[in-house]
J.: 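Got a structure here, written out as structure tokens. Questions coming.
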Amino acid sequence: TGNNTVGGLAGRNDARGTVRNVTISGNTVGDSQVGGVVGFNVGSIQGSTVSVSVDGADGVGGVVGNNLPEATVRDVTASNSVSGSKNVGGVVGFNDGTITASSAGGELSGSDQVGGLVGFNLGTIQRAQASVDVTANGTGGDDVGGLIGDNDGNLRNATASGNVSGTEDVGGLAGDNDGTVRNATASGSVTGTDFATGGLVGDNDGGTIRNATASGSVTGTDVVGGLV
């Protein structure tokens, strides 16, 4: 328990730091940059299993709160209960680095930029899975996705199967997409109560989508699509 940069193992993992083959369980509570393993990651996290309850406000992740451009998360399995306000993800809250061959399960709630795997993505995500029920609560409820809340980076070879509910820009895979999505599937049910609800992506805002499918039920109000 702390305020900023809080992790179940370490608050900060620096550029030359490596966390490998750890198993973590328990509760992690903070305000910003809060992670089940590391709050602020500049290094590498590999081959780990995480089963934690994480609660924070901004930059809240089941494994990492804030993953920087040079940082990597690889071969990580997370089954968590994660709650926060903004930039909330089952594995990483805010990602500007690389996430590879990782998966998330459990349940997650937040307000804005909320995703089963990553809340806000500026980096690269590949070979990822999320089976997380994602719920947007409180004020906001924008950019809510089964895998990524807001994707401004690159996503490929990914699946999302959890149910998703939110207000605006709500999608089975990503709530808002300004980046690239390739080889992706979404199969959970999606519910949006305001604008832009899609089986795969809620709002494809200048992004690129290739080789993608969605099969879940979609319920919305304005601008509703089976895929986008």
Side-chain angles (χ1 to χ4, degrees), residues 61-63 67 69 71-78 87-106 108 113-134 136 142-166 168-192 195-220 222-228:
V63 178
N67 203 45
T72 61
V73 174
R74 185 181 184 91
D75 296 320
V76 170
T77 300
N87 301 321
V88 183
V91 171
V92 175
F94 185 95
N95 179 54
D96 202 5
T98 301
I99 301 171
T100 305
S102 296
S103 64
L108 183 142
Q113 290 85 49
V114 183
L117 192 87
V118 172
F120 196 110
N121 180 50
L122 287 171
T124 297
I125 301 171
Q126 53 194 353
R127 304 198 312 276
Q129 308 176 47
S131 180
V132 179
D133 289 332
V134 180
D142 298 343
D143 299 340
V144 184
L147 195 86
I148 303 173
D150 190 338
N151 180 47
D152 285 10
N154 296 301
L155 171 68
R156 59 182 181 269
N157 302 323
T159 62
S161 58
N163 299 323
V164 183
S165 63
E168 183 175 325
D169 296 351
V170 183
L173 187 82
D176 182 271
N177 180 51
D178 301 277
T180 300
V181 174
R182 296 182 180 178
N183 305 327
T185 62
S187 58
S189 66
V190 182
T191 303
F195 179 82
T197 306
L200 189 84
V201 173
D203 184 3
N204 189 45
D205 187 11
T208 299
I209 301 173
R210 297 179 181 174
N211 301 326
T213 62
S215 58
S217 64
V218 181
T219 305
D222 297 320
V223 190
V224 182
L227 190 73
V228 177

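Sequential numbering from 1 along the given sequence is applied to the chain's residues.
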J.: State the CG-CZ distance between Asp169 and Phe195, to the nearest 0.5 angstrom.
T.: 7.0 Å
J.: Is the closest side-chain donor-acceptor distance between Ser217 and Ser189 under 3.5 Å?
T.: no
J.: In Å and rounded to the nearest 0.5 Å, what is the CG to CG distance from Asp150 to Leu122?
T.: 8.0 Å
J.: Which heavy-atom pair separates Ala160 from Gly146 by the least distance, and what is that distance?
T.: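 Shortest heavy-atom contact: CB-C, 3.9 Å.
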J.: So, do Asn67 and Phe94 sit near enough that their side-chain heavy atoms are less than 4.5 Å apart?
T.: no
J.: Quick check for you: to the nearest 0.5 Å, what is the distance between Asp152 atom CG and Asp176 atom CG?
T.: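 Rounded to the nearest 0.5 Å, the CG-CG separation comes out at 7.0 Å.
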J.: Are side-chain heavy atoms of Thr100 and Thr72 found at a separation under 4.5 Å?
T.: no
J.: Hey, mind stepping through Val92 and Asn121 against side-chain contact (heavy atoms from CB on, under 4.5 Å) and telling me if it holds?
T.: CA-CA 9 Å; Val92 175; Asn121 180 50; over 6 Å; no
J.: Between Leu117 and Ala130, which heavy-atom pair has the shortest distance, and what is it?
T.: N-CB, 4.2 Å
J.: Within this structure, what is the CG-CG distance for the pair Asp143 and Asn151, rounded to the nearest 0.5 Å?
T.: 11.0 Å
J.: Counting heavy atoms not belonging to Arg156, are there more than 12 under 6.0 Å from its CZ?
T.: no
J.: Do Val181 and Asn204 pass the side-chain contact (heavy atoms from CB on, under 4.5 Å) test, and can you show the C-alpha distance, the side-chain angles, and the key distance before you say yes or no?
T.: CA-CA 10 Å; Val181 174; Asn204 189 45; over 6 Å; no
J.: Nearest heavy-atom pair of Gly202 and Ala196: which atoms, and what distance?
T.: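 Heavy atoms only, the tightest pair is O-CB, 3.5 Å.
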J.: As an exercise, state the distance from CG of Leu173 to CD1 of Ile209, rounded to the nearest 0.5 Å.
T.: 8.5 Å
J.: Please report the shortest heavy-atom distance between Gly90 and Ala78, naming the atom on each side.
T.: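 Closest approach of Gly90 to Ala78: O-CB, 3.9 Å.
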J.: Applying side-chain contact (heavy atoms from CB on, under 4.5 Å) to Thr159 and Gln129, what does each step give before you reach the verdict?
T.: CA-CA 5 Å; Thr159 62; Gln129 308 176 47; 3.6 Å; yes
J.: Whether the Asn157 and Gln126 side chains hold a donor-acceptor pair (N or O, under 3.5 Å, no angle test) is what I'd like checked.
T.: no
J.: What's the spacing between Glu168 CD and Asp142 CG if we round to 0.5 Å?
T.: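 With rounding to 0.5 Å, CD (Glu168) is 5.0 Å from CG (Asp142).
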J.: Looking only at non-hydrogen atoms, find the nearest pair between Val134 and Gly115 and report the distance.
T.: CG2-C, 4.4 Å
J.: Asn163 versus Thr191: any side-chain heavy-atom pair under 4.5 Å?
T.: no
J.: Is a donor on one side and an acceptor on the other found under 3.5 Å between the side chain of Asp133 and the backbone of Gly162?
T.: no
J.: Looking only at heavy atoms, what is the nearest atom pair of Val144 and Gly166, with distance?
T.: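 Nearest heavy atoms, Val144 then Gly166: CG2-CA, 4.4 Å.
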